[in-house]
Every structure is written in C-alpha cells, then in structure tokens.
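Below is one structure, written out as structure tokens; comments come after it.
Remember, predicted model here, so these are calculated numbers, not experimental data.
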Amino acid sequence: IWYASVAGFPNAHCLNVPFPVPSTVLYPHPPPPETCICPSTTSSPLPPSILRVPSEPFEGSSGDMGDSHRRPGKRRKTGTPAKESRDDRALCQDLIDDLPDECLLLIFSLLPAPRDRCRCAAVSRKWLALQASMRRSEFRANAVLLPEARQEMSRCIKGSEANDWRLAAMAIGVDACEVLTHLSVMETLPSCPLPPLPHAGDHRHISDVGLFVIAQACTNLRSLALHNCIKVSDRGLAAIAQNCTALKNLELTNAFSVTDRGLMLIASGCPNLASLRLTACPSITDRSLVAFSRHSTLLNSFAVAQCPLITDHGILSIVVLQTKLETLKISSMKLGDKVVQAIACHRKEIKLLSLEKVWGSSVIGYSWIAEASGLRALSLDACAGLTDGCFVRASSSTSFAGLTKVSLKSCPSLTDLSLLALTKLAVKLENLHLENFRGAFSYRGLVFALENCSHTLKELNLINCSFYGHGTEQQEGEPCFQLPQRCPALQTVKLEECEGLGDGFVVWVGQACKSVTDVSFVRMGSITDRGITSFLKQLKGWNEITRVDLSGCTRLGDRSVWAVTRECKGRLRSLALKGCGRVTDRGAAVITKRCGRLVELDLGGCNIGDEAVEKLVEGDPSDLESLSLAGCADITDRTLQALDEYGGLCLNRLNLAGCPRLSRSRVHLIKSYIDEVEF
C-alpha cells in the first residue's frame with residue numbers, strides 16, 4: 001500500500017490478480033537500502049521510487065551523475081575466468097522484478113500500444129498474469145489504442161493446449177480490439193473417475209481463473225463451449241455472467257463441478273441466450289431449467305443428455321414457458337408421456353425434435369408426436385417402447401403434414417407398417433435416413449415407401465440395413481414389385497453396408513434419378529463393375545455428378561474407374577476409391593487426365609505403385625487439395641519425387657500412412673511445403 005501511494009495508484013490494493021504469484025510479490029517488502037525515494041517527485045507518472053541507484057558510481061564515470069556515457073571497457077579474452085566486481089553484480093541484477101505488483105501494473109497501464117502489452121506479456125508468467133488481471137478501462141487515457149475492429153473471430157483450443165495460461169495469452173492478444181466472439185475448449189478427460197479440486201492452484205488445465213480472464217477481456221463473447229473442463233465451477237460461470245452479457249450460445253460437457261448456482265447466474269445475467277446444451281452434468285437439477293425458462297426468453301434451441309437429476313418437471317418448464325423454442329434434443333434421459341404430449345399440444349413452434357436412447361414413454365406417449373403440426377425434422381434413435389402402433393395410430397390428415405426430414409436408427413420393433421405410414425402421411429418428405437435395421441424392413445416395404453415420396457425426396461441414406469425378400473427372389477404367385485419410374489428431385493444417394501440391394505438398385509438410380517449429384521456406395525459387396533457401368537450409361541446426357549464414393553467395394557476394379565471418369569469428366573470434384581483392391585495403375589492413370597477439376601482424391605488401399613502417381617501428376621490437377629495414398633505398400637520415394645516436381649499450389653493434405661517403402665527423410669522434405677502430411 002505504501003508503494004502504491006508513492007506511485008500515485010491509490011486503488012492498487014483493490015486489484016484482483018487471479019493467478020497465484022509468490023508471496024514476496026503479493027506482500028511488498030520494505031524498500032531496499034540503496035533505493036532513493038524523493039517524496040517531492042511523487043507527482044511524476046513514474047516516480048523515482050522505482051529507480052534503483054547504486055551506492056557507488058559506475059566504473060569509468062565521474063563521481064557525479066552528469067556523465068551519462070560509460071567509457072568502453074577492455075574486452076575480456078575468451079576462455080579466461082571473469083572477475084565480477086561489485087558494480088558488475090549490481091548491473092546483472094533483475095531490478096524490475098523486485099518491484100511490487102502495484103508498480104508493475106502502473107507501468108503496464110502507461111504502455112502506448114496494445115502490441116507492446118502483448119510483448120510484455122510474453123516475458124514471463126508473472127507479467128502475463130498481471131496483464132491478464134487488468135481490464136481495458138484501466139489503461140490510461142494517454143495510451144494510444146488501435147481502433148476497434150468489427151470482424152468476428154473464433155478460437156478452438158484442444159488437448160494439451162487447453163490451459164489457463166493459453167487463455168490468458170489469448171485474452172491479452174484480443175483485448176485491444178475485443179473481437180473474440182466464439183470460444184471452444186476441448187480438454188482431454190482424465191482417466192480418474194473423481195475430478196480434482198477446482199481450485200488446486202494448478203493452471204495446466206482450464207479452471208475458473210482462465211474463465212475469469214476471458215470474461216474480463218472478451219466482453220463481446222457470444223458463444224462458449226466447455227468440453228471436459230472438470231475444474232470449471234460456479235465461480236467461472238459467475239464471471240461469464242457478470243461480464244459477457246451478450247452470450248447467446250452455451251455448451252457444457254462433463255462439467256462435474258458446475259451446479260445450479262452457476263447456471264442460475266448465467267440465466268439471470270445473459271438474457272440474450274438462444275442456445276443451451278448440457279451433457280453429462282451430474283450436479284444440475286430442475287432448478288436450473290426453471291431459471292432459464294423464466295429469464296431466457298429468447299431461447300430457441302435446447303439439448304440435454306445424461307443429466308440424471310433433471311426430470312420431466314424441468315423439461316416441461318422449458319417446453320411450456322419458452323415461446324420461441326424451435327429445436328429440442330433429449331438423449332439418454334428418462335422421458336414421460338407428459339413431456340411428449342406437451343411438445344405436441346403447447347409448442348407449435350418446435351421444428352426439430354430428436355429423441356435418442358430415451359426410456360419411460362409408452363405407445364400412447366409416442367403417438368402424440370404425430371400431432372405436432374409444426375414439426376419439420378424428426379429423429380428417433382434407439383427409443384425404448386417405440387413400436388408400429390405409434391405411427392399407425394396417426395390417421396389424421398394433419399399428422400406429419402409438414403415433416404421434411406425423418407431419421408430412424410436402431411429401432412428393432414419397427415416394421416414396414418411404420419415406414420409406409422410415415423412416407424404416406426409426410427407428403428413433403430425430402431430426406432429419409434434409415435440406419436441399423438437388420439431384418440426389420442423388406443424390399444417390398446422399401447419399394448412402396450419410395451413410391452409414396454418419389455416426387456419430393458431429395459436425399460436417401462440407407463446405412464447398415466438388410467432388406468429381405470428381394471424383387472428377383474419372389475415366391476411363386478407373388479407379384480414382382482418394381483421401383484418407382486421417376487424420382488426427379490433426388491440428388492443424394494448413400495448406400496452403406498446394405499444387404500439385398502445390388503446392381504439392380506444402382507441401375508434404378510441411374511434410370512429414375514436424373515438430378516443426382518452425390519453418389520456414395522460404401523462397402524457394398526454386392527455391387528460389381530457391370531452395375532456401375534450401367535448406372536452411368538443411364539445418366540448419359542443428364543450426368544451432373546460431382547462426388548463419387550466407392551470406398552470398400554471390393555468387387556470394383558479398373559472398369560468402374562474408367563466409366564466414372566469417362567462419364568463425369570470435368571464436373572467431378574471428389575472421388576474416393578479407398579479399399580478397392582482391384583483398382584490398379586491402369587485405372588488410376590486416367591483419373592486426372594479426364595477429371596482435371598478434382599479437389600479430393602482417395603486411392604488408399606488400391607493396388608497401385610509409383611507409375612500411377614506419376615501419371616496422376618502428369619495430368620496437372622490444378623485444384624487438387626487432398627490426396628490419400630494410405631495403405632499403398634508398393635509406392636516408393638519415386639512417388640515423393642513426382643509430387644515434388646508437381647508443385648501443386650493447392651495441395652495441402654497428403655496421407656501416406658501405411659507406406660513402408662517411403663524414407664523418412666523424403667517425407668520430412670514433403671512436410672516443409674505441404675501443411676498436413678500423415679505418415
């Protein structure tokens with residue numbers, strides 16, 4: 001306090017320094033004997049109290065301090081031991097570090113430019129901590145500040161880089177312009193099941209100290225995502241609520257130390273909050289959700305998962321009281337029939353509903369979903385108690401009338417009845433996603449479902465599904481069900497590990513879907529070169545395909561590559577042949593010659609060598625940004641030499657994993673001019 005009064009900084013004892021510094025710094029020691037203090041000069045911005053004057057004059061200068069130049073001394077020979085005198089030891093002392101924090105804070109407040117403050121913060125952790133503890137308003141008026149920038153800036157910190165020191169440095173760097181608006185922190189969750197104390201004084205992780213610094217420096221923060229930050233507690237959220245009142249998006253994952261107190265402060269201090277996501281927060285209860293339902297009147301997106309203390313009461317408060325809620329996602333929670341009924345009856349504004357691994361609802365509860373007239377997207381994943389009765393009961397003309405996207409995953413109790421009911425009632429269906437259905441749907445059900453939505457469907461995703469009773473294997477007396485003749489709006493088709501769909505289904509895509517632009521047949525062992533060739537022939541004259549993914553199709557070879565490159569030509573932007581072992585140098589050699597506008601090319605696991613890469617380079621693909629040769633065991637340093645001579649300016653990602661014949665020295669040379677090289 002005495003130092004602060006001399007330095008003209010009377011409020012220095014009120015400064016809040018969040019980082020732990022040595023006790024000798026927090027509690028200033030008496031002035032050293034060789035320090036000269038002149039009370040008459042206390043009006044100066046930098047008083048003489050911070051200047052240390054040696055008790056004896058410097059060597060080579062007169063007794064008075066009039067001569068400001070020191071006589072050059074004799075150069076010491078190399079190798080001779082240095083004889084340090086008392087004056088030399090005085091010159092080598094760290095004089096400024098002996099000053100108390102109050103004097104250093106005063107000096108920092110007078111720095112003329114933000115760049116100088118950033119440079120000072122990089123000197124030591126002590127200076128970084130002091131700089132981080134200062135608000136922008138504490139810098140003096142005579143300091144020259146840069147004009148405030150209006151552009152937005154986002155930062156994402158992951159892994160070992162996620163610590164308080166990094167947040168403090170970031171806060172100082174953006175403090176001058178206040179442009180940081182989106183911050184995402186992703187720490188590595190420790191293996192210890194019990195989290196350490198949130199205020200253990202260790203700043204190798206993100207804690208309340210880091211949030212305090214960010215809250216003070218980045219008052220324009222609008223999005224904050226904290227993943228696996230187990231040391232963050234209510235104190236850190238209180239600092240955010242007090243300073244970042246413009247916050248609109250908050251995500252908390254594995255926040256073991258956060259309780260209702262911190263979230264209630266966020267609810268009252270951040271009235272503009274529009275999106276809230278809580279995942280694995282074991283201490284959060286219904287009190288927090290009730291607070292958000294009362295204060296956050298602009299909330300339009302809410303997601304909760306794995307929060308055992310949150311019940312139907314808390315979710316009901318959000319659903320009933322939030323008049324602008326449009327997105328609701330509930331995962332790994334117990335959900336009663338009353339919540340589903342409230343969604344259908346009270347909230348007509350909800351457009352997206354996602355239920356994943358929920359339990360507690362009955363058939364009657366799920367049947368209320370059909371009455372949600374405003375629903376546009378529906379996602380049901382592994383929901384206990386979901387059966388065909390939930391959709392068969394929906395017989396009203398308004399049921400699922402506005403639904404445009406349906407996603408069903410891992411619901412073994414559903415059959416063709418549910419699929420037919422959904423596609424018949426959803427007259428505006430544009431996106432159909434079916435995943436993890438083994439033996440649940442038949443080929444007949446798929447045919448009728450596609451017929452119901454053939455005029456509106458734009459995207460079809462079938463992943464890990466098996467359709468029994470294929471059209472070519474009908475029993476005697478049964479009609480042969482044909483696929484719809486036209487799907488004029490279908491643009492994206494993705495088939496992955498689907499049994500019962502082979503060359504015939506692929507040819508139908510070419511016949512009926514003339515607007516298709518994105519084709520993905522991944523790990524489809526039943527598709528052959530004949531199917532791919534016929535599919536592309538059907539599109540002749542209509543071909544607008546820009547992306548082809550044939551990864552894992554072991555029965556495809558050079559003929560398929562020739563057909564794709566011949567028909568797609570310059571329109572193709574992405575081609576993936578990962579795991580196609582029958583593709584050789586002959587097939588890969590023509591890729592870039594015919595498709596000169598490729599941006600992504602994946603040849604991982606193909607049976608190619610150096611000759612194929614040399615032919616690819618000869619095609620001079622000027623737009624190529626990503627090339628994968630992972631698992632190509634036959635390529636050698638000739639490939640790296642060809643890439644070196646290629647000199648493509650756009651190539652910034654190269655995957656060479658699993659290539660044992662490459663030398664590390666040549667790979668390191670490639671890394672010098674390609675941004676991302678995996679080896």
Checking the side chain of [X] only, and the main-chain atoms of [Y] only, is there a donor and an acceptor separated by less than 3.5 Å?
X: Ser361; Y: Leu335; answer: yes
X: Trp368; Y: Val339; answer: no
X: Asp518; Y: Ser520; answer: no
X: Ser257; Y: Ile230; answer: yes
X: Asp416; Y: Arg444; answer: no
X: Asp260; Y: Thr285; answer: yes
X: Ser296; Y: Ser293; answer: no
X: Thr456; Y: Glu430; answer: no
X: Ser515; Y: Pro488; answer: yes
X: Asn655; Y: Ala630; answer: no

Drop me the distance from [X]'s [atom1] to [Y]'s [atom2], to the nearest 0.5 angstrom.
X: Tyr366; Y: Leu380; atom1: OH; atom2: CG; value: 7.5 Å
X: Gln322; Y: Leu276; atom1: CD; atom2: CG; value: 10.0 Å
X: Leu237; Y: Arg261; atom1: CG; atom2: CZ; value: 11.5 Å
X: Leu408; Y: His433; atom1: CG; atom2: NE2; value: 9.0 Å
X: Asn464; Y: Asn436; atom1: CG; atom2: CG; value: 4.5 Å
X: Lys458; Y: Cys513; atom1: NZ; atom2: SG; value: 14.0 Å

| query | Do Glu496 and Arg523 meet the salt-bridge criterion of a basic N to acidic O distance under 4.0 Å? | reply |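 Counted as a salt bridge, because a side-chain N and a carboxylate O are separated by less than 4.0 Å.
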| said: I'd like to know if Glu499 and Arg438 make a salt bridge, using a cut-off of under 4.0 Å between side-chain N and carboxylate O. | reply: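 The answer is yes: the pair qualifies as a salt bridge.
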Exceeds 12 heavy-atom contacts within 6.0 angstrom, atom [atom1] of [X]:
X: Arg287; atom1: CZ; result: no
X: Lys494; atom1: NZ; result: no
X: Arg653; atom1: CZ; result: yes

Taking the side chain as every heavy atom from C-beta outward, state whether [X] and [Y] have any atom pair closer than 4.5 Å.
X: Glu251; Y: His227; answer: yes
X: Val304; Y: Ile318; answer: no
X: Phe505; Y: Leu446; answer: yes
X: Leu378; Y: Phe400; answer: yes
X: Leu483; Y: Tyr443; answer: yes
X: Asp602; Y: Leu575; answer: no
X: Asp234; Y: Leu265; answer: no
X: Gln341; Y: Ile364; answer: no

| side-chain contact (heavy atoms from CB on, under 4.5 Å) between Thr404 and Leu429: does it pass, once the steps are laid out? | CA-CA 4 Å; Thr404 60; Leu429 187 62; 5.9 Å; no
| Hey, mind stepping through Val509 and Leu460 against side-chain contact (heavy atoms from CB on, under 4.5 Å) and telling me if it holds? | CA-CA 11 Å; Val509 174; Leu460 176 63; over 6 Å; no
| query | Should Ile310 and Asp286 be marked as a side-chain contact (heavy atoms from CB on, under 4.5 Å) after you check the CA-CA gap, both sets of side-chain angles, and the distance that decides it? | reply | CA-CA 5 Å; Ile310 293 180; Asp286 294 335; 3.7 Å; yes
| query | Is it the case that Asp208 and Ser233 place a side-chain donor and acceptor less than 3.5 Å from each other? | reply | yes
For [X] against [Y], the heavy-atom pair lying closest together:
X: Leu572; Y: Arg547; value: CD1-N, 4.0 Å
X: Glu459; Y: Leu457; value: O-CD1, 3.6 Å
X: Gly385; Y: Val363; value: O-CG2, 4.0 Å

| query | What is the ring orientation for Phe441 with Phe467, classed by angle as parallel under 30°, tilted 30 to 60°, or perpendicular over 60°? | reply |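 Phe441 and Phe467: parallel rings.
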| request: List the steps, then state whether side-chain contact (heavy atoms from CB on, under 4.5 Å) holds for Phe292 with Leu263. | output: CA-CA 8 Å; Phe292 281 111; Leu263 285 183; 4.0 Å; yes
| message | With side chain to side chain donor-acceptor pair (under 3.5 Å) as the criterion, how do Thr219 and Asn243 come out once you've worked through the C-alpha distance, each side chain's angles and the decisive distance to 0.1 Å? | response | CA-CA 6 Å; Thr219 56; Asn243 298 277; over 6 Å; no
